[in-house]
Q: 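First the structure, which I've put down as structure tokens, then a few questions once you've had a look.
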Amino acid sequence: MTTQRDHHLRLEGGMAIYQELTELERAGWDSLCEGTGSEFYGGLMTPDGVMVLAHGFALDREAVVASLRDAPPWSGYTISDERLVRIGVDAAALTYRARAWRDDDGGSFVALMSSVYVRHDGSWRLALYQQTPVPAQG
């Protein structure tokens with residue numbers, strides 16, 4: 001049986017785009033664990049890019065860079081349930097579930113993520129990122 005994900009990935013270049021965007025997302029999370037997120041996202045986001053965060057803020061690129069400069073690093077993360085949504089020849093969205101944690105606070109952050117990328121001059125740039133928190137299982 002063919003899944004919707006398989007159908008999207010079979011589209012022209014779909015598997016390559018899926019791999020490229022998944023690698024970018026993992027590189028972003030790695031930077032958040034290493035404390036270099038401000039530099040990473042400052043370079044990855046489009047000039048008019050926006051991040052809509054779980055705590056209710058929508059930040060432009062400048063505000064993202066400033067907030068990540070002082071953010072404590074994550075200790076680790078997992079990504080699962082990745083899906084590619086083709087928007088056009090030079091645009092795609094990657095959705096996934098992420099779990100991140102900091103060893104010092106004992107808790108974890110779990111959310112559904114959506115990252116919209118546009119390809120500009122041969123490179124993928126992050127135009128829109130959105131988090132939807134997943135309620136804790138009781």
Side-chain angles (χ1 to χ4, degrees):
M1 180 174 165
T2 302
T3 67
Q4 186 176 14
R5 176 175 178 238
D6 294 334
H7 172 72
H8 286 293
L9 292 179
R10 277 200 317 271
L11 296 174
E12 183 177 331
M15 185 54 105
I17 292 170
Y18 171 80
Q19 290 173 339
E20 290 171 16
L21 298 186
T22 301
E23 287 174 13
L24 278 174
E25 289 296 312
R26 290 187 184 282
W29 279 101
D30 288 344
S31 76
L32 296 173
C33 291
E34 296 162 0
T36 58
S38 62
E39 294 86 5
F40 181 83
Y41 286 102
L44 182 65
M45 291 178 72
T46 60
D48 61 346
V50 174
M51 286 193 175
V52 181
L53 304 177
H55 58 285
F57 292 103
L59 306 177
D60 63 14
R61 185 172 91 174
E62 185 177 315
V64 167
V65 169
S67 71
L68 290 176
R69 198 171 289 126
D70 299 323
W74 292 102
S75 300
Y77 70 93
T78 60
I79 291 176
S80 61
D81 303 325
E82 303 97 320
R83 290 182 61 182
L84 177 72
V85 179
R86 296 290 301 272
I87 300 170
V89 175
D90 289 323
L94 187 71
T95 65
Y96 59 93
R97 179 185 183 102
R99 180 178 163 269
W101 60 91
R102 292 186 175 100
D103 289 336
D104 59 346
D105 70 10
S108 64
F109 171 67
V110 181
L112 301 177
M113 313 292 186
S114 298
S115 296
V116 178
Y117 287 90
V118 294
R119 191 170 13 213
H120 182 70
D121 292 333
S123 296
W124 290 107
R125 303 286 304 276
L126 182 62
L128 176 64
Y129 171 79
Q130 187 266 325
Q131 301 173 337
T132 302
V134 174
Q137 300 290 319

Q: Could you work out, with salt bridge (Lys or Arg N to Asp or Glu O under 4.0 Å) as the rule, every residue matching Arg119, not counting sequence neighbours?
A: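 Result, salt bridge (Lys or Arg N to Asp or Glu O under 4.0 Å) vs Arg119: Asp90.
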
Q: Using the side-chain contact (heavy atoms from CB on, under 4.5 Å) rule, take Val52 and Leu128 through it: C-alpha gap first, then chi angles, then the decisive distance, then the call.
A: CA-CA 8 Å; Val52 181; Leu128 176 64; 4.2 Å; yes

Q: So Tyr41 and Tyr129, do their side chains get closer than 4.5 Å, heavy atoms only?
A: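 Result no, sub-4.5 Å side-chain heavy-atom pair not found.
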
Q: Using modelled atom types only, decide if a donor and an acceptor are shared between the side chain of Ser31 and the backbone of Gly28 within a distance under 3.5 Å.
A: yes

Q: Transitively linked via ILVMFWY side-chain contacts under 4.5 Å: Leu126 with Val116?
A: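 No.
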
Q: Nearest 0.5 Å, please: how far is CG in Leu32 from OG in Ser75?
A: 12.0 Å

Q: Is there side-chain contact between Arg86 and Leu84, with at least one heavy-atom pair below 4.5 Å?
A: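 Result yes, sub-4.5 Å side-chain heavy-atom pair found.
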
Q: Quick one: pull up OH in Tyr117 and CG in Leu21 and give me the separation to the nearest 0.5 Å.
A: 6.0 Å

Q: For the OG1 atom of Thr36 and the CG atom of Asp30, what is their distance to the nearest 0.5 Å?
A: 8.5 Å

Q: So how far is it from Leu112 CG to Thr95 OG1, rounded to the nearest 0.5 Å?
A: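 One gets 8.0 Å once the value is rounded to the nearest 0.5 Å.
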
Q: Under a 3.5 Å distance rule, please check whether Arg125 uses its side chain to pair with a backbone N or O of Met45 as donor and acceptor.
A: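 Checking the backbone N and O of Met45 against the side chain of Arg125, a donor-acceptor pair under 3.5 Å is found.
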
Q: Decide whether Met51 and Val118 are clustered together by the hydrophobic rule: side chain heavy atoms of Ile, Leu, Val, Met, Phe, Trp, Tyr closer than 4.5 Å, transitively.
A: no

Q: Just by distance, with hydrogens left out, do Asp48 and Thr46 show a side-chain donor and acceptor under 3.5 Å apart?
A: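 A pair is found: one side chain offers a donor N or O, the other an acceptor, under 3.5 Å apart.
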
Q: Consider only side-chain heavy atoms of I, L, V, M, F, W and Y, link residues closer than 4.5 Å, and tell whether Met15 and Trp124 are in one cluster.
A: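 Met15 clusters together with Trp124.
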
Q: Output the distance between atom CD (Gln131) and atom NE2 (His55), rounded to the nearest 0.5 Å.
A: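 So the CD of Gln131 and the NE2 of His55 are separated by 8.0 Å.
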
Q: Ala111 and Pro133: which non-hydrogen atoms are nearest, and at how many Å?
A: CB-CA, 3.9 Å

Q: Drop me the distance from Trp74's CH2 to Arg99's CZ, to the nearest 0.5 angstrom.
A: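 It is 10.5 Å, given to the nearest 0.5 Å.
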
Q: If you take all heavy atoms of Ala98 and Trp29, which pair is closest and at what distance?
A: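 Taking every non-hydrogen atom into account, CB-CZ2, 3.9 Å.
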
Q: Do you know the tightest heavy-atom contact between Gly42 and Val65?
A: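 Smallest heavy-atom distance, with atoms named: CA-CG2, 3.5 Å.
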
Q: Between Tyr18 and Leu94, does a side-chain contact (heavy atoms from CB on, under 4.5 Å) hold up when you go through it step by step?
A: CA-CA 8 Å; Tyr18 171 80; Leu94 187 71; 4.1 Å; yes

Q: Tyr77 versus Arg26: any side-chain heavy-atom pair under 4.5 Å?
A: yes

Q: Should Phe40 and Ile79 be regarded as members of a common hydrophobic cluster, given that ILVMFWY residues are connected when their side-chain heavy atoms come within less than 4.5 Å of each other, either directly or indirectly?
A: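 Same hydrophobic cluster.
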
Q: Is Phe109 linked to Leu59 within one hydrophobic cluster, defined over Ile, Leu, Val, Met, Phe, Trp and Tyr using a side-chain heavy-atom separation of less than 4.5 Å?
A: yes

Q: Can you list the residues that meet the side chain to side chain donor-acceptor pair (under 3.5 Å) rule with Ser115, with sequence neighbours excluded?
A: Glu25

Q: Any chance CD of Glu39 has more than 12 other-residue heavy atoms, nucleotides or ligands included, within less than 6.0 Å?
A: yes

Q: Looking at side-chain heavy atoms only, is the closest gap between Tyr96 and Thr78 below 4.5 Å?
A: no

Q: Considering non-hydrogen atoms only, spot the tightest contact between Trp101 and Ser108 and give its length.
A: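 Closest approach of Trp101 to Ser108: CB-CB, 4.0 Å.
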
Q: Quick check: closest heavy atoms across Ala92 and Ile87, and the distance to 0.1 Å?
A: C-CD1, 3.9 Å

Q: Search all heavy atoms of Cys33 against all heavy atoms of Pro73 and return the closest pair with its distance.
A: O-CB, 3.3 Å

